[in-house]
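Working notes, beginning with the structure itself.
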2 protein chains.
Amino acid sequence: MARAATTSDPFNAIAEPRRRQILTFLAVGERPVGEIVVAIGLDQPSVSKHLGVLREVGLVHVRRNGRLRMYRTNAAAIRPLHEWTGAFERYWQHQLNRIKERAEAKMHQSARGRNAAGHDSSSNPHPKASKERP
Amino acid sequence: MARAATTSDPFNAIAEPRRRQILTFLAVGERPVGEIVVAIGLDQPSVSKHLGVLREVGLVHVRRNGRLRMYRTNAAAIRPLHEWTGAFERYWQHQLNRIKERAEAKMHQSARGRNAAGHDSSSNPHPKASKERP
DNA sequence: TTTACATATTCCCATATAGGCATGTATTGT
DNA sequence: ACAATACATGCCTATATGGGAATATGTAAA
């Protein structure tokens with residue numbers, strides 16, 4: 001099977017850097033295609049196609065205004081992505097804490113004598129059978 | 001040009017649903033490939049290839065343990081994604097507020113008499129020259 | 001060493017891109 | 001009605017993909 005379609009979900013849609021640029025540009029307020037073209041520095045058909053993808057996954061909304069098409073970012077559609085990535089927040093905070101703790105430990109260590117300690121990390125959250133070997 | 005490589009950045013790497021699954025699975029703690037295979041329900045070579053992508057963009061770390069390779073999610077690498085999506089948070093909150101306000105306005109409206117009000121939305125954040133026409 | 005096990009890598013291919021370019025379509029102005 | 005403007009769409013191509021099957025690599029056990 002080939003790669004999933006860019007229109008299959010927001011994750012695939014925002015994989016393209018230009019589309020992220022467009023979303024950022026359109027977050028502040030609605031703008032016509034022409035301005036996106038100059039802002040992004042890509043030719044009009046390409047921009048239109050990117051907008052098509054963003055439209056299809058609901059990341060932007062369009063409104064006609066005469067011959068202009070006013071696009072704007074639909075921020076709500078980005079929320080799921082924010083939440084998915086947010087699920088990892090506690091873990092990177094964990095990592096930061098560990099780094100911090102190690103730095104502090106090192107300071108104490110160089111201030112005092114030395115201390116042989118094993119590196120366990122003592123974590124085996126998955127309940128599966130594991131044949132670890134000390 | 002074709003689509004950007006999946007290994008070009010975390011955004012492209014997480015576009016693949018299976019890779020997201022893997023990241024979620026490995027967030028809690030390190031696991032060997034074999035367990036990922038059964039958990040995700042994909043054949044081993046495919047899993048290895050996905051892990052290769054995740055490795056290349058730094059979304060996972062590996063550690064050898066005998067003949068096992070213990071993988072774990074590098075949550076820190078997901079943080080930029082969380083922050084990029086987070087930049088839109090104020091806008092979706094805006095949207096929610098507007099919805100709320102409309103609902104309230106409607107309640108008042110049906111409680112009292114009627115009131116003709118224009119929908120302006122009064123926003124033109126971009127400072128560019130605009131030839132709008134009332 | 002030979003064998004068994006855990007992963008990684010290679011080869012093959014149907015598929016979907018992202019641009020570049022040309023053209024279609026809707027709307028406004030003369 | 002006709003020309004001009006603002007977008008959208010269609011066509012073409014090099015490129016990268018993800019899965020399947022087969023194979024290579026590396027480590028441990030016999």
Side-chain angles (χ1 to χ4, degrees), chain A residues 1-9 11-22 26 30-57 60-72 128-134, chain B residues 1-9 11-22 26 30-57 60-72 128-134:
Chain A
M1 216 183 274
R3 221 203 283 207
T6 58
T7 54
S8 56
D9 60 69
F11 286 96
N12 279 278
I14 67 161
E16 179 65 18
R18 294 351 205 349
R19 283 196 284 265
R20 263 173 283 159
Q21 271 188 264
I22 293 175
L26 293 178
E30 61 178 14
R31 293 285 111 190
V33 177
E35 278 188 31
I36 306 175
V37 169
V38 298
I40 306 297
L42 209 60
D43 47 294
Q44 177 264 315
S46 293
V47 169
S48 269
K49 274 183 272 190
H50 282 311
L51 288 171
V53 173
L54 294 173
R55 236 186 303 136
E56 200 165 336
V57 297
V60 296
H61 283 157
V62 214
R63 179 177 70 89
R64 291 204 71 144
N65 185 351
R67 39 181 144 180
L68 300 179
R69 308 240 175 154
M70 309 301 289
Y71 278 87
R72 69 185 160 81
K128 295 229 174 188
S130 56
K131 41 194 171 181
E132 249 102 285
R133 180 210 35 139
Chain B
M1 215 182 273
R3 223 203 282 207
T6 57
T7 55
S8 55
D9 60 69
F11 286 96
N12 279 278
I14 67 159
E16 179 66 15
R18 307 317 188 82
R19 283 196 285 265
R20 262 172 286 159
Q21 271 189 263
I22 292 176
L26 292 178
E30 61 178 14
R31 293 286 111 191
V33 178
E35 278 190 30
I36 306 176
V37 170
V38 297
I40 307 296
L42 210 59
D43 46 295
Q44 178 266 316
S46 293
V47 170
S48 269
K49 275 183 272 187
H50 283 311
L51 288 170
V53 172
L54 294 172
R55 237 187 301 135
E56 200 166 334
V57 298
V60 296
H61 284 158
V62 213
R63 181 178 69 89
R64 291 205 69 141
N65 186 350
R67 39 181 144 177
L68 301 179
R69 309 237 175 157
M70 309 300 288
Y71 278 87
R72 68 183 162 83
K128 294 229 176 188
S130 56
K131 42 195 170 181
E132 250 103 284
R133 182 212 31 145

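By convention in this document, chain letters (A, B, ...) are assigned in the order of the sequence lines, proteins followed by strands, and residues within each chain are numbered from 1. None of these values were measured; they are calculated from a predicted model. Side chains are part of it too, since the values below use all heavy atoms of this structure and drop only hydrogens, waters and symmetry mates.
- Residue contacts for Thr6(A): at a heavy-atom cut-off of 4.0 Å it reaches the sugar-phosphate backbone alone, with no base atom in range.
- No side-chain heavy atom of Val62(B) sits under 4.5 Å from any side-chain heavy atom of Met70(B).
- Across dA21(D), dA6(D), dA8(D), the shortest atom-to-atom separation from the side chain of Lys49(B) is found for dA21(D).
- Among the protein residues, Pro45(B) comes within range of the nucleic acid bases, having at least one heavy atom under 4.0 Å from a base atom.
- A donor-acceptor contact closer than 3.5 angstrom is absent between the side chains of Arg63(B) and Tyr71(B).
- Closest approach to the Pro32(B) side chain among dT7(C), dA18(C), dA6(C) is made by dT7(C) (side chain taken as heavy atoms from C-beta onward).
- The CZ-P distance, from Arg69(B) to dC5(C), rounds to 18 Å in whole Å.
- At a cut-off of 3.5 angstrom, the base of dA18(C) holds no donor-acceptor pair with the side chain of Glu16(A).
- Of the candidate nucleotides dT17(C), dG19(D), dT15(C), dG19(D) has the atom lying nearest to any side-chain atom of Met1(A).
- In this structure, a donor-acceptor pair under 3.5 Å is present between the side chains of His50(A) and Arg19(A).
- Listed candidates were dT7(C), dA8(D), dT27(D). Nearest to the side chain of Arg64(B) is dT27(D).
- Between Glu56(B) atom CD and dG18(D) atom C1' the separation is 15 Å, expressed in whole Å.
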